[in-house]
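Sequential numbering from 1 along the given sequence is applied to the chain's residues. Bear in mind the structure is a predicted one, so any value in this text is a computation, not a measurement.
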Amino acid sequence: IVASVLYLPFVVTASVLGALAAILIAGRWVRVAQREHYVPGSVSRMAWLWLRREPGSGPATAVVIVAIAVAVLVPIPALQALPLPAIVLLGLLPFGLGFRGTSKPLAVTSRVKRLLVVWVVVHLAVGAALTLLLGPAGPALTLLLSAPLTDLALAIMAPVEKSASQRYVAAAKKRLAQVRPTVVAITGSYGKTSTKNYVAHLLSATFTTVASPASFNNRLGLARSVNDKLVPGTEMFVAEMGMDAPGQIAELCEHFPPDIAAITVIGEGHLQRMRTTEAILQEKSTITDRARTVVLPIDDARLAALASSDRMNGKRVVTVSCVPGTDADVVLSPASGDAGATIVLGRGAEPVPVTIASTGHAVNVAVASGIALAAGVPAAVIASRIDALPGSQHRAEVQQSPSGALVIDDTYNANPVGSLRALESAAALAAERGGPLVV
């Protein structure tokens with residue numbers, strides 16, 4: 001308190017600069033919170049990662065910390081100006097993590113507005129306390145701590161948001177109970193959206209089908225899909241189920257219990273939060289617990305083990321493979337050399353020629369075919385519709401530019417296996433057209 005009174009001109013200047021810098025900082029960290037699905041702790045993780053990896057951000061942060069420390073520990077009036085340039089620098093840090101972003105700007109939703117109110121209150125409370133104690137260094141230190149303070153705001157709002165949104169989930173559960181469609185649930189480290197779209201395409205020739213749109217794969221996204229799209233007479237509801245933390249798949253299955261459950265693949269897509277692929281497998285596997293029928297690609301030894309485990313007791317298990325000659329219910333043999341792609345739909349069935357897009361993932365097609373077979377779509381119908389499987393926007397999407405060049409838009413992809421597949425597809429298309437490959 002004494003410091004704040006003695007250095008009042010510096011305190012006022014620091015507070016004004018801090019308020020201006022906070023506008024940029026709030027936009028930055030709230031945008032990160034939105035992109036990270038409002039998970040408390042995610043903003044601090046991103047801030048730490050960015051400071052470590054972005055050139056210049058770490059040293060600049062060290063300069064800010066030294067300026068704050070000197071202003072606090074050395075009670076010399078001239079040194080109380082040090083927090084002022086530190087605040088200006090904090091408005092720019094971490095370098096490269098902008099207010100608007102390069103891929104997706106902040107969407108100012110009602111949830112964001114509520115979060116911003118709490119963000120401001122938290123920062124004002126902490127800033128006022130630190131300014132009273134530390135004088136001009138208080139606003140600078142508050143802004144330095146902005147990422148964890150944003151996580152604190154997220155933690156405060158998490159139960160509030162969940163409680164407020166529960167009515168939408170309750171309405172969706174009521175709608176499901178009234179319409180009573182067969183619920184198909186799909187999860188995996190990647191391939192969920194593409195597989196969901198394939199399944200909807202294969203089922204729609206036989207059943208009245210509704211699928212969750214885009215990447216609506218969390219609790220509120222699926223609730224909105226049910227409330228907006230499910231109407232009396234709907235026979236199939238295809239739901240993509242994603243997760244950001246342990247327990248979320250089980251929660252989704254509690255609200256939207258699947259009759260048919262499928263896993264596309266287990267990969268590295270969630271290592272940031274789950275740490276190991278074993279933990280990812282365990283979380284994804286919970287999608288099978290409530291289902292009467294389970295579809296699994298057994299080319300992955302871990303999923304093959306799941307298919308034959310005690311966890312599947314009492315369930316119908318439909319196995320799929322992309323390796324010719326495998327003992328599975330569905331075997332998709334991708335095109336190789338002069339041989340075209342074929343699919344076997346049912347044990348003992350004859351291979352049927354099919355056409356699969358060169359940019360697609362065969363496992364997604366195989367899983368979708370297995371789901372359709374499990375749902376009761378005739379094998380002949382499945383085989384006839386595979387040739388016209390729909391693509392998914394920004395997922396290995398082939399576009400032609402005005403110059404005539406083919407562009408593979410794989411910008412939504414965030415996994416190494418998918419990236420490799422996109423590169424392989426691009427190389428194959430370049431070789432086919434006799435032109436250069438630009439990566």
Is it the case that the side chains of Trp119 and Thr150 hold a donor-acceptor pair, with the cut-off being a distance below 3.5 Å and no angle test?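 There is such a pair (donor and acceptor under 3.5 Å, judged by atom type) between the side chains of Thr150 and Trp119.
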
Taking the side chain as every heavy atom from C-beta outward, state whether Glu240 and Ser212 have any atom pair closer than 4.5 Å.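 The answer is yes, as the side chains (C-beta and beyond) meet within the 4.5 Å cut-off.
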
Hey, are the side chains of Leu389 and Arg385 touching, using non-hydrogen atoms and a 4.5 Å cut-off?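 Heavy-atom side-chain distance check fails, nothing below 4.5 Å.
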
With a 4.0 Å cut-off on N to O distance, would you call [X] and [Y] a salt bridge?
X: Asp151; Y: Arg45; answer: no
X: Lys162; Y: Glu251; answer: yes
X: Glu161; Y: Arg114; answer: yes
X: Asp259; Y: Arg290; answer: no

Test side chain to side chain contact (heavy atoms under 4.5 Å, CB included) applied to Thr264 - qualifying residues, sequence neighbours left out: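 For Thr264 the side chain to side chain contact (heavy atoms under 4.5 Å, CB included) partners, ignoring immediate neighbours, are Ile186, Thr195, Asn364.
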
Using a 6.0 Å distance limit plus a 45 degree cone around the ring axis, check whether Arg224 lies over the aromatic ring of Tyr168.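 No, Arg224 does not sit over the ring of Tyr168.
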
Shortest non-hydrogen contact from [X] to [Y]?
X: Ile298; Y: Ala307; value: CG2-CB, 4.2 Å
X: Arg316; Y: Leu373; value: NH2-O, 4.2 Å
X: Val354; Y: Ala383; value: CG1-O, 3.9 Å

Are more than 12 heavy atoms, taken from residues, nucleotides or ligands other than Glu350, located less than 6.0 Å from that residue's CD atom?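 No.
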
Set of residues satisfying salt bridge (charged side-chain N to carboxylate O under 4.0 Å, His left out) with respect to Asp387, sequence neighbours excluded: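 Per chain and number, Asp387 pairs via salt bridge (charged side-chain N to carboxylate O under 4.0 Å, His left out) with no residue.
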
